[in-house]
Amino acid sequence: MTGTAPRYLYLARHGEALPDHSGLAENGRRQAALLGERLRGVPLAAVHHSPLARAEQTAQIVAERLDGVPLHLTECAGDYVPYVPEAEELPPDSADFLLRYVAQFSEEDPVRGAALAEEALERFTGPVPGDEARHELIVTHNFLIGWFVRAALDAPRWRWLGLNQCNAALTVIRYAPGRPSSVLFSNDMRHLPEELRWTGFPPELHV
């Protein structure tokens, strides 16, 4: 084993969930199946997924369409607020809005969320040891994908906010030795038909 090789990190938000978030809606199952077809032929070494049912079911459906790729439940791939900003970090014209938004989700344990977010970066970013490129998929949630994209662009820590992902959309980040990390594409829905796109997004953001 010599040197390091590129890592390709594939990030997918879970499929559309049932209203009580207990699992996938029928649309979510269709989205997951189409995501699996999209990834067929990609040399994935592993599929990691959140502990929550909507992500676990998505990962299982995706994996059924792959050739023996192992599934791994991964706590740091869960649904949590990765970073709670202070008011002075934020743009003055949007600080109040952003703080109110984060407050809806950060009551549980912001310290634990921050620790999980750092664990996710440590575990899944950067080149890999050896001579062969590694491809991995994480089936996760909107906030964590925004956190990975923010980090890949070396943006301020609060900037995970506003980086939204549709259900079963795909984002790919490349970490190559000696080069800055590169977001190859983000929130890609080309594997989904029109009626299955934009779910998980507020209507005013559909474009």
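Quick caveat: nothing in here was measured; it's all calculated off a predicted structure. Values reported hereafter were calculated over all heavy atoms of this structure, with side chains retained and with hydrogens, waters and symmetry mates removed.
Annotation: side chain to side chain contact (heavy atoms under 4.5 Å, CB included) contacts of Val128 (sequence neighbours excluded): Ala5, Arg7, Arg134. Arg190 meets the salt bridge (Lys or Arg N to Asp or Glu O under 4.0 Å) test with Asp188; sequence neighbours excluded. Take Glu132 and apply the salt bridge (Lys or Arg N to Asp or Glu O under 4.0 Å) test, not counting sequence neighbours, and it matches no residue. For Arg197, the side chain to side chain contact (heavy atoms under 4.5 Å, CB included) test picks out Met189, Leu192, Glu194, with sequence neighbours left out. Residues meeting the side chain to side chain contact (heavy atoms under 4.5 Å, CB included) test with Leu121, sequence neighbours left out: Glu118, Thr125, Trp147, Phe148, Arg150, Ala151. Leu73 is linked by a side chain to side chain contact (heavy atoms under 4.5 Å, CB included) to His49, Pro51, counting only residues two or more places apart in sequence or in another chain.
Annotation: side chain of Pro6 is not in contact with side chain of Pro127 (no heavy-atom distance under 4.5 Å). Side-chain contact between Leu24 and Ile61: present, with at least one pair of heavy atoms (C-beta onward) separated by less than 4.5 Å. Inter-residue side-chain proximity for Thr74 and Ile138 is flagged as unmet; no heavy-atom pair is nearer than 4.5 Å. For the pair Trp158 and Pro91, the minimum side-chain heavy-atom distance is below 4.5 Å. Using a 4.5 Å heavy-atom threshold, the side chains of Thr58 and Ser50 count as separate.
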Walk me through whether Val81 and Trp160 qualify under side chain to side chain contact (heavy atoms under 4.5 Å, CB included).
CA-CA 10 Å; Val81 171; Trp160 64 271; 3.7 Å; yes
Quick one: do Arg159 and Leu153 satisfy side chain to side chain contact (heavy atoms under 4.5 Å, CB included)? Show the steps, please.
CA-CA 10 Å; Arg159 203 58 184 89; Leu153 298 176; over 6 Å; no
Side chain to side chain contact (heavy atoms under 4.5 Å, CB included) for Leu163 and Ile145? Distances and angles first, verdict last.
CA-CA 8 Å; Leu163 299 174; Ile145 298 174; over 6 Å; no
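Classified by interplanar angle (parallel below 30°, tilted 30° to 60°, perpendicular above 60°), the ring pair Phe143/Tyr101 is perpendicular.
Sorted by first then second residue, the salt bridge (charged side-chain N to carboxylate O under 4.0 Å, His left out) pairs that include residues 15-31, not counting sequence neighbours, are Arg30-Glu195. Among residues at least two apart or in separate chains, there is no salt bridge (charged side-chain N to carboxylate O under 4.0 Å, His left out) pair with a member in residues 42-51. Residue pairs meeting the salt bridge (charged side-chain N to carboxylate O under 4.0 Å, His left out) criterion with at least one partner in residues 43-68, sequence neighbours excluded, are Glu37-Arg65, Arg54-Asp79. Legend: salt bridge (charged side-chain N to carboxylate O under 4.0 Å, His left out) pairs involving residues 81-96, not counting sequence neighbours: none detected.
Within the 3.5 Å criterion, the main-chain N or O of Trp198 finds a donor-acceptor partner in the side chain of His206. For Glu119 (side chain) and Cys76 (main-chain N/O), no donor-acceptor pair under 3.5 Å exists by modelled atom type. Arg13 contributes no side-chain N or O that, together with a main-chain N or O of Gly15, makes up a donor-acceptor pair within less than 3.5 Å.
Distance check: Leu66 CG to Leu44 CG gives 6.0 Å after rounding to the nearest 0.5 Å. Atom CD of Gln60 and atom CG of Leu71 lie 6.5 Å apart (nearest 0.5 Å).
Cluster membership check: Leu9 shares its hydrophobic cluster with Val183, using side-chain heavy-atom separations under 4.5 Å among Ile, Leu, Val, Met, Phe, Trp and Tyr. Residues Phe185 and Val139 share a hydrophobic cluster, clusters being chains of Ile/Leu/Val/Met/Phe/Trp/Tyr side chains in contact below 4.5 Å. Criterion: ILVMFWY side-chain heavy atoms under 4.5 Å apart, direct or through other members. Under it, Leu11 and Leu144 are part of a common hydrophobic cluster.
In this structure, Leu99 and Pro85 approach most closely via the heavy-atom pair CD2-O, 3.6 Å. Contact between Ala95 and Ala87 at its shortest, heavy atoms only, is CB-O, 4.2 Å. Nearest heavy atom pair, residue Val69 against residue Ala45, reads CG1-C, 4.0 Å. Closest approach of Ser22 to Ala53, counting heavy atoms only: O-CB, 3.3 Å.
Alongside Val111, the hydrophobic cluster contains no other residue (criterion: ILVMFWY side chains under 4.5 Å).
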Determine all donor-acceptor pairs shorter than 3.5 Å in which one atom belongs to a side chain in residues 165-175; sequence neighbours excluded.
residue : atom : partner : partner atom : Å
Gln165  : OE1  : Thr171  : OG1          : 3.0
Asn167  : OD1  : Thr199  : OG1          : 2.9
Asn167  : OD1  : Gly200  : N            : 3.2
Asn167  : ND2  : His14   : O            : 3.1
Thr171  : OG1  : Asn187  : N            : 3.0
Arg174  : NE   : Tyr8    : OH           : 2.8

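Counting non-hydrogen atoms of neighbouring residues, nucleotides and ligands closer than 6.0 angstrom, the CZ atom of Phe97 reaches no more than 12 such neighbours.
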